[in-house]
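All figures in this text were calculated on a predicted structure; none of them were measured in a lab. Any value given below was found using the heavy atoms of this structure, including those in side chains, with hydrogens, waters and symmetry copies removed.
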Amino acid sequence: MNAHNAVERTARDCYGRLVAYLAVSWRDLAAAEDALADAFVAALETWPRAGVPDKPEAWLLTAARRRLVDGARRARVHDHAVRSLSVMADEADRFADFDAAFPDERLKMLFLCAHPEIDPSVRTPLMLQTVLGLDAARIASAFVVKPSAMGQRLTRAKAKIRDARLKFELPGTNELPQRLDAVLEAIYAAYGSGWDDVDGVDPRRKGLAEEAIYLGKLLARLMPAEPEVQGLLALMLHCEARRDARRDEKGSYVPLSEQNISLWLRPMMEEAERCLQSAAQAGRIGRFQLEAAIQSVHAQRAWTGRTEWEEIALLYEGLVRFAPTIGALVGRAAAVAEVRGADAGWSLLEAIPNEAVKSYQPYWALAAHLFKRMRKYEEAGDAYSRAIGLSAELSVREFLMRQAGEINRT
Amino acid sequence: MHYTLLFYETPEEFSHRNDPLKQQDYMAGWAHYVKALRDAGIVVSSSGLYPPETAASLRRQGGEMLVQDGPITETKEQLGGFFVIDVPDLDTALEWASRCPNNAVEVRQNIPPIK
């Protein structure tokens, strides 16, 4: 393995662990990231000459620590910081000297990123950057945000962590459920931000789906007994298992009900089912377990050939009680329409306030579909037009145009 | 806040406006987008523009105003139309821009009117 590859592989395998460990010990996230970036640059210069060290992580940790010490001396930081730095320096030496692995502090990092003092809109980007090392430009494109604005938000969040002295600690028992919710929300936002279509899957964020699942698996490993963590992982795995079926060979969008089940990835669906089962053992239902259960019922079609809409409608009733998001309300209307007819579905849609759906594409796509079934062709055409106008993705737009075109031929 | 969405089109996209085979799809794409924007109640003003070859450009050079046919800059993509929308922030403006039917759009914040 050449030195350049070694640097890249080490970065991929342990960037998050190194940043988390440095940041938790030094209590300055931005400084920890800068120091580690310098250490990686130093590795690129040194390793090709001197060879890849036996323990590359320990080498990087020592190099980053030295940068922090130098930076601290120059800035003449407060006594307490120097003390914590010297403790860390000793520890880093210990890890370099012995075979001991340095502690995994990424769970603390995930909770820090979703801290109540951190603006909700920057929590997911912060996680993607600190735990996975993604750069601001890539995160910005994935969330359709101006890259320089994204960079500023990340910088401000890190300054806030330092200046407000936010704790790099796990929350106490009484705080935990709420804080964990924020962590789960942030990871889920990486999986399917922007809009959830009626199927509950967002096909646009392909770039970040893998990263979100990585974070979900990491969280599940660090908190195996939390049912909602397992629920979130099950939800993402079920959606991910259908990725290849969401497009036909020409790249056109295929809705869930028309997907070729032989393209669904069974091992991934089975993994999702195992997560759901282990979640159920805790006997504490929650939003993500319910969303995963809905996807699990859809997944049963791979074995039974049919979709149990009544079961799905029932699960949506529960979900709406836990988390009455627009996505859940629209999903419930879709399920009810399958069970009790288009009229029943439409009356649920109609009850959603207009202001909440003026730029929510799935609402209009479902409304158009239901109007068509009710033979209200004029309303259907109107709703299709809005759904098309609100679609950012070409294949979805073309799919809806074909659907709208069928009205004119009936 | 007001933001302007500037839609840039390639010569090929401009040509779709008059191509009997492409015209209908081209117009329909814009019609749906315009409807979604209007129904959301955020449009301040808007217009499509005739293609760049119909433009007249004026440029003052050495105190003399020179007039030429065509656009100011000869770039591959030219301004084809614009929307001024009233939305809370730049993120929302970009979200609307991402839904436009053509492939290149620039978003700028409008300077508030001088009082």
Side-chain angles (χ1 to χ4, degrees), chain A residues 119-122 124-125 139-150 152-153 189 193-195 202 204-205 354-365 367-368 379-405 407-408, chain B residues 1-10 12-13 16 21-44 46 48 80-110:
Chain A
D119 188 284
S121 70
V122 78
T124 308
I139 300 170
S141 268
F143 289 93
V144 197
V145 167
K146 191 168 190 257
S148 57
M150 180 59 84
Q152 279 166 11
R153 280 175 213 174
S193 90
W195 56 279
D202 183 288
R204 255 198 312 172
R205 308 291 178 206
N354 237 318
E355 186 61 23
V357 297
K358 67 180 191 185
S359 69
Y360 190 67
Q361 191 266 8
Y363 176 95
W364 297 102
E379 288 95 327
D382 226 45
Y384 271 123
S385 183
R386 264 187 102 164
I388 294 162
L390 288 168
S391 301
E393 216 197 337
L394 272 178
S395 63
V396 172
R397 204 182 295 155
E398 282 160 10
F399 168 78
L400 290 169
M401 287 208 186
R402 281 197 302 277
Q403 299 278 308
I407 303 177
N408 304 330
Chain B
M1 268 188 281
H2 290 186
Y3 292 87
T4 301
L5 315 184
L6 301 153
F7 305 104
Y8 284 83
E9 296 183 38
T10 59
E12 198 195 348
E13 284 170 309
H16 290 171
L21 293 172
K22 306 273 173 80
Q23 195 176 36
Q24 204 183 345
D25 282 350
Y26 175 90
M27 292 304 179
W30 282 104
H32 298 308
Y33 184 55
V34 170
K35 178 172 171 55
L37 281 157
R38 291 205 185 283
D39 286 356
I42 57 172
V43 178
V44 177
S46 69
F82 70 90
F83 260 96
V84 179
I85 58 172
D86 187 3
V87 290
D89 50 41
L90 178 63
D91 288 3
T92 314
L94 294 196
E95 193 186 2
W96 278 105
S98 74
R99 296 162 171 156
C100 81
N102 73 327
N103 296 316
V105 50
E106 183 175 320
V107 181
R108 302 237 208 131
Q109 191 184 343
N110 290 26

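- Counting heavy-atom pairs under 4.5 Å between each of Leu90(B), Asp25(B), Asp91(B) and chain A puts Asp91(B) at the top.
- Both the backbone and the side chain of Leu94(B) come within less than 4.5 Å of a heavy atom in chain A.
- Ser385(A) places no side-chain N or O within donor-acceptor distance of the main-chain N or O of Asp382(A), the cut-off being under 3.5 Å.
- Of all the listed residues (Lys146(A), Lys358(A), Arg386(A)), the one sharing the greatest number of non-hydrogen pairs under 4.5 Å with chain B is Arg386(A).
- Rounding to the nearest 0.5 angstrom, the gap separating the CE atom in Met401(A) from the NE2 atom in His32(B) is 4.5 Å.
- Between the side chain of Arg108(B) and the backbone N or O of Thr4(B), no donor-acceptor pair lies under 3.5 Å.
- Shown here are the ring-ring contact (aromatic ring centres under 6.0 Å, His included) partners of Tyr8(B), two or more places apart in sequence or in another chain: there are none.
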>> Set out, in order, the CA-CA distance, both residues' side-chain angles and the distance that settles side-chain contact (heavy atoms from CB on, under 4.5 Å) for Leu394(A) and Phe399(A), then state yes or no.
In response: CA-CA 9 Å; Leu394(A) 272 178; Phe399(A) 168 78; over 6 Å; no

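- For residues 34-41 of chain B, a heavy-atom distance under 4.5 Å to chain A picks out Lys35(B), Ala36(B), Asp39(B), Ala40(B), given by residue number.
- Here Ser359(A) is the residue among Ala387(A), Ser359(A), Ser121(A) with the most heavy-atom pairs under 4.5 Å with chain B.
- Judged by distance alone, with hydrogens and angles left aside, the side-chain atoms of Glu398(A) form no donor-acceptor pair with the main-chain N or O of Ser395(A) at under 3.5 Å.
- Of the inter-residue distances, the one linking Ile85(B) atom CD1 with Met1(B) atom CE reads 11.5 Å to the nearest 0.5 angstrom.
- Trp364(A) places a side-chain N or O within 3.5 Å of a backbone atom of Val357(A) that can act as its donor or acceptor partner.
- Interface remark: Trp96(B) contributes side-chain atoms only to the contact with chain A (heavy atom separation under 4.5 Å).
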